[in-house]
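These notes concern the structure reproduced below.
One-based numbering, in listed order, for ligands and for the atoms of each.
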Amino acid sequence: MKDDTALVHLGREPEKHQGIVNPPVYHASTVLFPTVEDYLNRSKGDRKYRGIRYGTNGTPTTFALADTVADLEGGGGAIVVSSGLSAITLAILAFVKQGDNILVCDSVYGPTRAFCDTVLTRYGIETTYYDPLIGNDISLLFKENTRLVFTESPGSMTFEVQDIPAISSTAHNRDLMVMMDNTWGTPLYFKPFDHGVDVSIQAGTKYMSGGSDLVIGIITAKTESLFRNIKDTTMAFGEIAAPDDCYLTLRGLRSMGARLRQQQAAAMKIAEWLQKRPEVKRVLYPPLSDDPGHALWKRDFTGACSLFGLVLNTDSLAAVSRMLDGYRYFRIGSSWGGFESLAIPANPAITRTTVPWTEKGYLVRIHIGLEDPDDLIQDLVDGFSRLNKAPQ
Ligand SMILES: Cc1ncc(COP(=O)(O)O)c(C=O)c1O
């Protein structure tokens, strides 16, 4: 089954629901058992991980979404949790213990870094941040107590593409696990398990749900045994996504392929237009042929989402604010992957610890929504004229 067909047909069994196209939403805390024996056996064998036995362990609605994402990514099992960030933190917590070291890319999503630097540090787990362009040389960072490598490619603020197959095979030579925040690639454009990843994370908050109206995370494991390890941890934390959010995410998934194709085409058109503007120093978008990550992106990805960066020729925040504050369609706000265009100022220099961010100009992160790209270009034209008139 091709991905577009899978998006439509996975996670639905109309014949079990009187022909109704979408699976119903099950709200549950208590689940009843007919006999004492059934109750006492409720966690035996596979029922522990896939049984319907209490709300926090999963309902038919949460399993419908989890199984759909697991199939799309090509993994052995998936777990839905309350946000993309909790998917990241719980996946890491499932495999580390006091005294361990983990390797995390220096380009990682800010709150992932904050989790490592606060919670993990407090529990005696050390994080080493690596250059996202490190490739096979990641082996130079392996220590006796290194447990796993956490990747995010491209970085969602600075867009470096990592050599995931090289990092994975080097890590596997030392029996280390590789995790990836695959939100930018989506399950459609990057197949993590074909490239050596063991655990893949999706912030379903973004393109999967697509409506900018919920937060949800999905952890997909390559194998059944990794899936069980992670589920043991998410169940221990009492972590599960809300059934209504699972329903909305499944509904969003049905149109994700079409939305992504439109958003990708618009992003490419706008990124190429931006490259020709005198106000723009560099556009950070791997599908562009002169992007430093283009060759790896072309080798490993089958498409791109509509999130990219823009380094301006000015580093005046006041001038950049004048440009951003006046946009008509691009709005200022966190997150991405919804139907609306966004533009936010970013300053990677303040978080980097291993590879300093040395770009002189101001970085703006752009998300292209489903608006007509010509309207968005006009909005950008007007913004540049505000930028040019602002005191630098
Ligand atoms: C790359 C990346 N991963 C994970 C997340 C976290 O997702 P959530 O907002 O659902 O916690 C985000 C959110 O912006 C993100 O950009």
Side-chain angles (χ1 to χ4, degrees), residues 62 65-66 69 73 78-93 104-116 118-119 129 132 150-162 164 179-187 189-190 192 197 199-220 234 237 239-242 244-246 248-249 252-253 256 260 263 267 284-286 293 301 304-309 331-338 340-348 351 363-369:
T62 58
L65 175 60
V69 177
E73 291 211 295
I79 300 138
V80 292
V81 292
S82 58
S83 70
L85 183 58
S86 58
I88 293 165
T89 57
L90 290 161
I92 294 174
L93 284 172
V104 176
C105 56
D106 208 19
S107 50
V108 78
Y109 171 57
T112 305
R113 178 187 288 267
F115 165 75
C116 296
T118 56
V119 179
Y129 293 99
F150 189 94
T151 68
E152 178 187 317
S153 178
S156 59
M157 207 54 97
T158 46
F159 301 94
E160 299 92 335
V161 182
Q162 298 185 42
I164 299 291
M179 295 187 179
M180 178 170 180
D181 181 337
N182 187 33
T183 307
W184 191 93
T186 82
Y189 294 153
F190 186 82
V197 171
V199 175
S200 171
I201 286 133
Q202 284 289 337
T205 312
K206 319 298 181 198
Y207 294 95
M208 280 190 182
S209 56
S212 302
D213 52 1
L214 61 88
V215 283
I216 196 165
I218 302 107
I219 311 165
T220 308
T234 59
F237 275 86
E239 252 287 348
I240 188 85
D244 289 310
D245 292 343
C246 292
L248 289 171
T249 304
L253 268 174
M256 183 174 75
L260 270 170
Q263 287 174 268
L284 315 177
Y285 193 39
F301 288 71
C305 76
S306 61
L307 188 76
F308 61 82
R331 305 305 301 272
I332 303 164
S334 295
S335 203
W336 42 286
E340 79 291 18
S341 291
L342 299 167
I344 51 167
N347 188 0
T351 50
L363 177 65
V364 172
R365 191 181 73 176
I366 303 271
H367 171 255
I368 302 297

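- Not one N or O of Glu152 is nearer than 3.5 Å to an N or O of ligand 1, by distance alone.
- Under a 4.0 angstrom heavy-atom cut-off, Trp336 registers as being in contact with ligand 1.
- For the 3.5 Å distance criterion, the side chains of Gln162 and Thr151 fail to qualify, holding no donor opposite an acceptor.
- Exactly one of Pro286, Pro132, Ser107 qualifies for a side chain to side chain contact (heavy atoms under 4.5 Å, CB included) with Pro154. That residue is Pro286.
- Using cut-offs of 30° and 60° on the angle between ring planes, the pair Phe190 and Phe301 is tilted.
- Within the 3.5 Å criterion, the main-chain N or O of Ser156 finds a donor-acceptor partner in the side chain of Arg365.
- Between the side chains of Thr183 and Tyr207, no donor-acceptor pair is found at a separation under 3.5 Å.
- In terms of N/O distances under 3.5 Å, ligand 1 is approached by Thr205.
- At a 3.5 angstrom cut-off on N or O pairs, Gly84 counts as close to ligand 1.
- Among Arg365, Lys206, Gln202, the residue whose heavy atom lies nearest to atom 9 (O) of ligand 1 is Lys206.
- Looking at Ser86 and Thr89, their side chains never bring a donor and an acceptor atom within 3.5 Å of each other.
- Between Phe159 and Trp184, the ring planes are perpendicular. Angles over 60° get that label, and only those under 30° would be called parallel.
- Remark: distances from the non-hydrogen atoms of Ile88 to ligand 1 include one below 4.0 Å.
- Residue contacts with ligand 1, taken as heavy atom pairs separated by less than 4.0 Å, involve Leu85 via backbone and side-chain atoms alike.
- If you check each of Ile216, Ile218, Asp181, Val215 against atom 3 (N) of ligand 1, the one with the closest non-hydrogen atom is Asp181.
- Residue, atom and distance of the protein heavy atom nearest to atom 5 (C) of ligand 1 are Tyr109 CE2, 3.3 Å.
- Residue Ser156 touches ligand 1 through its side chain alone, judged by heavy-atom distances below 4.0 Å.
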